[in-house]
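Just so you know, these numbers come straight off a predicted model, no measurement behind them. Numbering of ligands and ligand atoms starts at 1, following listing order.
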Amino acid sequence: MKLLNIAIASMILGLGVVTVVVADDDEYKNNKKYSKKYGAKYSVQPVKNELYKEECASCHFGYQAGLLPKRSWIKLMETKELENHFGDDASIDEQDRLTLLSYLVANASDSKTNRSRLSHEITRKISRYSTPIALSETRYFKKEHDEIPTRLIKQEDVKTIANCVACHTTAEKGYYGERDIKIPNYGRWDD
Ligand code: HEC
Ligand code: HEC
């Protein structure tokens with residue numbers, strides 16, 4: 001009887017360990033599962049860098065590194081550019097700037113390790129000769145959003161098209177599929 005209890009207890013403990021391990025990797029797994037179901041086409045790896053969340057997701061949604069190519073991040077993260085960042089001063093400590101730059105470059109849309117189809121699509125549609133720092137200015141992005149009436153973008157609950165998370169309810173997770181789009185004061189988007 002006692003032995004059995006120990007066996008059960010250790011099974012439960014064992015399961016506990018397994019659960020912890022799985023939970024650690026949850027985000028990645030969910031992303032993969034989602035990709036399988038709704039198409040990797042519409043997902044990028046979520047932001048996993050605390051410094052990035054702190055420094056680059058305070059004024060606006062934390063755009064994932066996989067949404068722009070390396071050269072765009074390099075330009076955006078130049079000291080001069082950050083000092084005049086879309087009309088704001090977004091300059092940061094030099095050490096932090098370099099840390100974030102290497103994080104962004106390592107996870108950019110055209111980085112070797114990036115397997116997201118959405119990232120590849122974005123990369124492919126940007127001319128080699130241009131270096132956009134606003135993803136909302138890229139051809140891919142414009143084409144995907146050109147049917148949305150201006151009043152739905154300009155409205156108080158959205159404000160600008162760069163406010164991804166206002167309409168893409170799962171943007172934080174890196175999911176941009178149509179299934180998870182809900183425009184404030186409009187609802188689901190039917191193509
Ligand atoms: C002081 C506020 C502030 C901080 C801090 C800040 N930004 Fe911004 N950022 C802005 C504003 C304002 C815009 C323009 C948003 C718009 O068009 O609606 C912007 C736009 C952007 C865009 C373009 C969005 C698009 O597609 O139009 C990117 C990319 C971006 N920021 C990245 C960053 C990164 C990376 C950092 C961290 C180094 C950062 N931002 C920190 C204020 C800030
Ligand atoms: C005003 C609401 C709104 C905002 C803000 C918005 N989107 Fe979208 N997005 C849409 C709608 C609606 C579609 C679907 C267009 C279609 O399929 O006709 C879409 C489509 C997409 C798609 C293609 C997915 C698909 O299923 O076709 C991607 C990727 C995407 N958006 C990324 C972004 C990113 C990144 C941002 C922020 C920089 C953003 N969106 C901001 C409404 C929005």
Using a strict cut-off of less than 4.0 Å between a Lys/Arg side-chain nitrogen and an Asp/Glu carboxylate oxygen, indicate whether K125 and E121 qualify as a salt bridge. yes

Looking at atom 8 (Fe) of ligand 2, which N/O/S atom of H145 is the nearest one? NE2

Interfacing atoms of ligand 2 (cut-off 4.0 Å, heavy-atom, L135): 35 (C), 38 (C)

Which label fits Y103 and Y52: parallel for a plane angle under 30°, tilted from 30 to 60°, or perpendicular past 60°? tilted

Residues passing the side chain to side chain contact (heavy atoms under 4.5 Å, CB included) test with S102, sequence neighbours excluded, are none

Using the rule that Ile, Leu, Val, Met, Phe, Trp and Tyr join whenever any side-chain heavy atoms are under 4.5 Å apart, tell me whether L98 and I92 fall into a single cluster. no

Compare every heavy atom of G62 with every heavy atom of V47, then report the nearest pair and how far apart it is. CG2-O, 3.8 Å

Distance under 4.0 Å to a non-hydrogen atom of D89: what atoms of ligand 1 satisfy this? 1 (C)

Could E156 and K159 be called an ion pair, given the rule that one side-chain N must be under 4.0 Å from one carboxylate O? yes

Metal site atom 8 (Fe) of ligand 1, protein N/O/S atoms found under 2.8 Å: 2

Which of parallel (below 30°), tilted (30 to 60°) and perpendicular (above 60°) describes Y186 and W189? tilted

Looking only at protein heavy atoms, which one is nearest to atom 41 (C) of ligand 1, and what is the separation? E55 O, 3.8 Å

Any N or O of T160 that comes nearer than 3.5 Å to an N or O of ligand 1? yes

Any Lys/Arg nitrogen of K53 or E50 sitting under 4.0 Å from an Asp/Glu carboxylate oxygen of the other? yes

In terms of atom number and element, which parts of ligand 1 are under 4.0 angstrom from non-hydrogen atoms of I133? 23 (C), 29 (C)

N163, portion touching ligand 2 at heavy-atom distance under 4.0 Å: backbone

Tell me which part of F141 gets within contact of ligand 2: side chain, backbone, both or neither, using heavy atoms under 4.0 Å. side chain

Is there a donor-acceptor contact under 3.5 Å linking the side chains of N114 and Q45? no

Short list, please: which atoms of ligand 2 are under 4.0 Å from a heavy atom of E144? 15 (C), 23 (C), 27 (O)

Which one holds for Y140 and ligand 2: side chain close, backbone close, both close, or neither close, with close meaning a heavy atom under 4.0 Å? side chain

Ligand-residue contact atoms, ligand 2 with E178, heavy atoms, under 4.0 Å: 17 (O), 26 (O)

Distance-only N or O hit between ligand 2 and H168, under 3.5 Å: yes

Shortest non-hydrogen separation from V44 to L118 and the atoms involved: CG1-CD2, 3.8 Å

For C167, atoms of ligand 2 separated by under 4.0 Å from a heavy atom: 1 (C), 2 (C), 3 (C), 4 (C), 5 (C), 42 (C), 43 (C)

Side-chain heavy atoms under 4.5 angstrom apart, residues restricted to Ile, Leu, Val, Met, Phe, Trp, Tyr: same cluster for V158 and I148? no

Residue pairs fulfilling salt bridge (Lys or Arg N to Asp or Glu O under 4.0 Å) with at least one residue in residues 54-72, sequence neighbours excluded: none

Examine the proximity of ligand 2 to W189 and report which part, side chain or backbone, both or neither, has a heavy atom under 4.0 Å away. side chain

Suppose I only count heavy atoms of L118 and a 4.0 Å limit; which atoms of ligand 2 are within that range? 29 (C)

If hydrogens are left out, which of S72, A162, S136 has an atom nearest to atom 15 (C) of ligand 1, that is, the closest non-hydrogen atom? A162

Applying ring pair (Phe, Tyr, Trp, His ring centres under 6.0 Å), can you list everything that pairs with H85, at least two apart in sequence or on another chain? none

Less than 4.0 Å is my threshold; does some heavy atom of R97 fall inside it relative to ligand 1? no

With the threshold set at under 4.0 angstrom, would you say I161 reaches ligand 1 through any of its heavy atoms? no

Quick one about T131 and S72 (side-chain donor to acceptor, distance below 3.5 Å, no hydrogens or angles considered), yes or no? no

